[in-house]
*Asks:* 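One structure coming up, written as structure tokens, with questions to follow.
Since we're looking at a predicted model, the values are computed, not measured. By convention here, the first residue in the shown sequence is residue 1. We count ligands from 1, going down the list as the structure has it; atoms in each ligand are counted the same way.
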Amino acid sequence: MQTLCESCQHLREVVTPKRSRFLMCLLSQTDPRWSKYPPQPVRNCAGYQRQSPTDSETDRS
Ligand code: SF4
């Protein structure tokens with residue numbers, strides 16, 4: 001199942017040279033309640049904020 005982090009605007013994806021992939025939570029930089037690398041998958045999170053839709057999704061005039 002997908003993790004909430006994948007659609008959260010606080011996510012920073014980190015890919016190592018060996019192609020390991022880590023999901024880093026940017027909230028951890030300003031709030032100690034969040035882990036830098038939260039255990040996955042995250043299913044509930046008080047800090048979750050959905051990523052903004054892209055322009056193409058909103059520009060339907
Ligand atoms: S705020 Fe929560 S959902 Fe968003 S990236 Fe951090 S841990 Fe994931």
Side-chain angles (χ1 to χ4, degrees):
M1 182 181 272
Q2 249 196 350
T3 173
L4 271 184
C5 297
E6 296 276 9
S7 60
C8 178
Q9 66 179 19
H10 299 300
L11 175 71
R12 169 72 52 80
E13 190 177 314
V14 177
V15 180
T16 69
K18 290 187 175 181
R19 302 223 171 258
S20 296
R21 183 169 171 260
F22 297 94
L23 302 182
M24 185 170 103
C25 176
L26 294 180
L27 271 191
S28 67
Q29 296 178 346
T30 54
D31 193 323
R33 289 177 296 169
W34 275 268
S35 314
K36 188 170 182 180
Y37 297 106
Q40 300 295 334
V42 171
R43 304 200 197 281
N44 282 296
C45 180
Y48 175 76
Q49 282 194 296
R50 198 180 150 91
Q51 288 170 357
S52 307
T54 62
D55 288 344
S56 60
E57 286 172 345
T58 53
D59 185 13
R60 292 197 182 130
S61 53

*Asks:* So, do Phe22 and Val15 sit near enough that their side-chain heavy atoms are less than 4.5 Å apart?
*Replies:*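 In short, these two side chains do not touch, never coming nearer than 4.5 Å.
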
*Asks:* What protein N/O/S atoms sit under 2.8 Å from atom 4 (Fe) of ligand 1, by chain and number?
*Replies:* Cys8 SG

*Asks:* Check Cys5 against Val42 and note the closest heavy-atom contact, atom names and distance.
*Replies:* SG-CG2, 3.7 Å

*Asks:* Does the pair Arg43/Glu6 count as a salt bridge with the N-to-O cut at 4.0 Å?
*Replies:*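 A salt bridge is absent here (no side-chain N lies under 4.0 Å from a carboxylate O).
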
*Asks:* If you look at every heavy atom in Pro38 and Cys25, which pair is closest and at what distance?
*Replies:*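 Between these two residues, the closest heavy atoms are CD-CB, 4.0 Å.
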
*Asks:* Tell me, do Leu26 and Leu11 make a side-chain contact under 4.5 Å, heavy atoms counted?
*Replies:* no

*Asks:* I'd like to check Glu13 versus Arg21 (side-chain heavy atoms, cut-off strictly below 4.5 Å). Are they in contact?
*Replies:* yes

